[in-house]
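Below is one structure; the comments refer to it alone.
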2 protein chains.
Amino acid sequence: MTGGPGPPTLEQVAALAGVSRATVSRVVNGSPKVSPAVRAQVERAVAKLGYVPNRAARSLVTRRADSVALVVSEPHARFFSEPFFAGMVRGVSAALAETGVQLLLLIAQDLPDRGWLERYVVGGHVDGVLLASLHGDDPLPGTLERAGVPAVLIGRPVDQAAPGSYVDADNRGGAGKAVGHLARRGRRRIATITGSLDMGVGQDRLEGYRDGLAAAGLAGAGELVETGDFTEEGGAAAMGRLLERPGDPVDAVFAASDLMAAGALRALRAAGRRVPEEVAVVGFEDSAVARYAQPPLTTVRQPIEEMGRQATRLLLAQVAGEAGGMHLILDTELVVRASA
Amino acid sequence: MTGGPGPPTLEQVAALAGVSRATVSRVVNGSPKVSPAVRAQVERAVAKLGYVPNRAARSLVTRRADSVALVVSEPHARFFSEPFFAGMVRGVSAALAETGVQLLLLIAQDLPDRGWLERYVVGGHVDGVLLASLHGDDPLPGTLERAGVPAVLIGRPVDQAAPGSYVDADNRGGAGKAVGHLARRGRRRIATITGSLDMGVGQDRLEGYRDGLAAAGLAGAGELVETGDFTEEGGAAAMGRLLERPGDPVDAVFAASDLMAAGALRALRAAGRRVPEEVAVVGFEDSAVARYAQPPLTTVRQPIEEMGRQATRLLLAQVAGEAGGMHLILDTELVVRASA
DNA sequence: CCGATTTGTGAGAGCGCTCTCTCAGCAGGA
DNA sequence: TCCTGCTGAGAGAGCGCTCTCACAAATCGG
């Protein structure tokens, strides 16, 4: 509108306000070393021109990108279901909104190659990285750690001794709650369908199951554990194996994900077992699947959005120079519906 | 590693390869005017140093941001369910991956204020904008259009005469298919539960319903239309109203979303009506809800991921200077399950 | 075999910003 | 009156890159 073509520059603001570029820069960045009169003058010019600082130019000299990457590791992304993804993004976005930091979304699968991300990120194109990957042996966290790039995992790494920060739901506690609920309802032959055991989530939910059994005094009763893979198919198959087991029939199942619980429901229906009368079923996550399953699933809700938010806070703190290595575990909540 | 601290620069690559900055730049940007020998030389140096161009510096001079924004307009986001969101993001990301363009995710709700986005975007900080907003009277498309910022809508605007490009599913055709399917199964009292009629999707699916009835020769039979709002509650309420209607009972329902179909299922169950024996139900979207509903929903699948991909292609073409104003309608597919 | 291209490469400016350094202006102590 | 100390503002360099322009070397018709 005023001056040359394209968006207004610092230079133009300076000219309009009758001061130097440096002074405008000081005002824009909130430096205290500007007299009130000049500050007001500059602010008027900024408003009049609709000036917005050029991010690229600023980044170039400050060597900050003012943006963080959210790296989603496909194909593992399918393990955390779509609502998980959406909720997480929402939380991250909300936390970033307050700061001026931008969210860059990187789907690992779509990246040019392994190493690209690493080079990209280490090359200073983002200030920090959120890793939404539950995958166990992913070398990326280690690489980032070594390169000194701030990073926060959403979902703990398999190797708990690994350095670096993470945010996770209290998977173990949540699983314990689920089993406790089943025990309180009088169930005695409580089985579990685990997730992939090469992931932190899978391990923790299994541990929680054992905790729950122990707390209910049911620990001695022989292990009713079948391994799934977080998918519906896997859940159905595992449920099938549980049904074929000799001895007293299972009267409750804790599945480590809603999807597997849905699979279990299907297998139970196929076998003619009534839910919850004959077999109670509990899932984990409180996704859409849980709400619309028939019967609706009792499940453990994890605060996905809050996880995204907290991970972002942790990351920004690290970017600002605060210490890393934080482990934040968020509470889960049992949501009781018809299936148990 | 080599040279100063921080990531390697063009300068360092040039020094290592024994050429000028300009030549390295040419190689990096794939200019044909470089001899093979020199090119190889430079490429070796790039590889050795692990050089990645500094985006900020490049943007500064080219005046391209090499990034596009995906603006998701909350609270309307809840209308397109979470799987919709995830699928769309995946498609967009996949299409961008081939180019070097970055994806910036902006949740409208989280933005500082109205006008910020406008200034930000018009200020040249992104090359284009994808608008995933089905909301009718959003002024943003118009603003962008006027500012000459490339933009593509995902989901057509209410005002079909509005300028600008969009990508959408063939909502009308899909709805027609759904109704045709019901008619072919011998249903004669086919009702519909519409979505919000102030959105393109809602309108189109209602039109498609009417098309379907007309094609089946059922058009004269009085309108069995109830208005919903894309939510499960709305679907259940609308189904309730349909059940209370005097005259012959409804023997089929086409709901304009899976969520509303799930609500209808609930209302039917509550009323003791068997699905599909007494009342057949068809949804729209093929979301997780459809797969896990009881009975599993027959529904119309829309190629969400493909929509994201195509919208991105359109946007990039526009950014490259090709004409806008394209309207791309993608085919839908009837997915037959147990509910109809 | 010489001027007129064509082709590959380098020199250098400058994108919009931040930040250091310098300096003008003024107050206060000797 | 001069020096010192401080504060607010400007001059100018330079971040890493692209791109125009100039230019040397290779190519070629007459």
Side-chain angles (χ1 to χ4, degrees), chain A residues 2-43 45-46 49-66 100 119-120 122-125 127, chain B residues 2-43 45-46 49-67 100 119-120 123-125 127:
Chain A
T2 320
T9 69
L10 247 204
E11 188 85 48
Q12 296 171 23
V13 176
L16 181 63
V19 297
S20 70
R21 282 202 323 278
T23 299
V24 178
S25 175
R26 278 187 272 258
V27 171
V28 169
N29 294 291
S31 157
K33 318 227 106 204
V34 182
S35 67
V38 174
R39 174 180 304 277
Q41 180 80 354
V42 170
E43 275 163 356
V46 165
L49 295 177
Y51 171 74
V52 183
N54 181 315
R55 249 192 150 71
R58 179 179 280 176
S59 280
L60 187 56
V61 40
T62 60
R63 304 173 148 290
R64 276 179 293 106
D66 279 334
R119 264 177 286 122
Y120 183 83
V122 172
H125 300 313
D127 299 326
Chain B
T2 320
T9 69
L10 247 204
E11 189 84 48
Q12 294 172 24
V13 176
L16 182 62
V19 297
S20 72
R21 280 201 326 276
T23 300
V24 177
S25 177
R26 278 188 270 260
V27 171
V28 169
N29 293 292
S31 157
K33 321 224 105 206
V34 181
S35 67
V38 173
R39 176 181 302 280
Q41 181 79 352
V42 170
E43 275 163 356
V46 165
L49 294 177
Y51 170 74
V52 182
N54 180 316
R55 248 191 150 73
R58 178 179 281 176
S59 281
L60 187 55
V61 41
T62 60
R63 305 173 146 290
R64 276 179 292 106
D66 279 333
S67 63
R119 262 177 287 123
Y120 184 82
H125 299 313
D127 299 325

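Note on naming: letters A, B, ... go to the chains in the order of the sequence lines (proteins, then strands), and numbering restarts at 1 for each one. All values below were derived from every heavy atom in this structure, side-chain atoms included, with hydrogens, water molecules and symmetry-related copies excluded.
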Please give, in whole Å, the distance from [N] [atom2] to [X] [atom1]?
X	N	atom1	atom2	result
Asn29(A)	dG16(C)	CG	C1'	13 Å
Arg26(A)	dG8(D)	CZ	P	10 Å
Leu60(A)	dT18(D)	CG	P	12 Å
His125(A)	dC17(D)	NE2	P	8 Å
Arg21(B)	dT18(D)	CZ	P	10 Å
Glu11(B)	dC17(D)	CD	C1'	10 Å
Arg55(A)	dC15(D)	CZ	C1'	17 Å
Leu10(B)	dT18(D)	CG	C1'	9 Å

Minimum-distance pair of heavy atoms, taken over all atoms of Arg55(A) and Asp66(A)
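For Arg55(A) and Asp66(A), the tightest heavy-atom pair comes out as NH2-O, 3.1 Å.
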Work out which heavy atom in Ala14(A) is nearest to a heavy atom in Arg21(A); give both atom names and the distance.
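For Ala14(A) versus Arg21(A), the nearest heavy atoms are CB-N, 3.7 Å.
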Calculate, to the nearest 0.5 Å, the distance between atoms OG1 and CZ belonging to Thr62(B) and Arg64(B) respectively.
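The CZ atom of Arg64(B) is 4.0 Å from OG1 of Thr62(B), to the nearest 0.5 Å.
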Spatial distance of atom CG (Leu60(B)) from atom CG (Asn54(A)) [nearest 0.5 Å]
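So the CG of Leu60(B) and the CG of Asn54(A) are separated by 6.0 Å.
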Do the side-chain N or O atoms of [X] get closer than 4.0 angstrom to the phosphate oxygens (OP1, OP2) of [N]?
X	N	result
Thr9(B)	dG16(D)	no
Thr23(B)	dG10(C)	yes
Ser35(B)	dT9(C)	yes

On DNA chain C, check which nucleotide each of Arg58(A) and Lys33(B) is closest to and give me the residue with the more 5' one.
Lys33(B)
Options [options], nucleotide nearest the side-chain atoms of [X]:
X	options	value
Asn54(B)	dC17(D), dA9(D), dG16(C)	dC17(D)
Ser25(B)	dC17(C), dT18(C), dT18(D)	dT18(D)
Ala22(B)	dT18(D), dC19(D), dA11(D)	dC19(D)

Partner of Tyr51(B) by side chain to side chain contact (heavy atoms under 4.5 Å, CB included), out of Val42(B), Val13(B), Leu16(B)
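With Tyr51(B) as partner, Val42(B), Val13(B), Leu16(B) yield a single side chain to side chain contact (heavy atoms under 4.5 Å, CB included), made by Val13(B).
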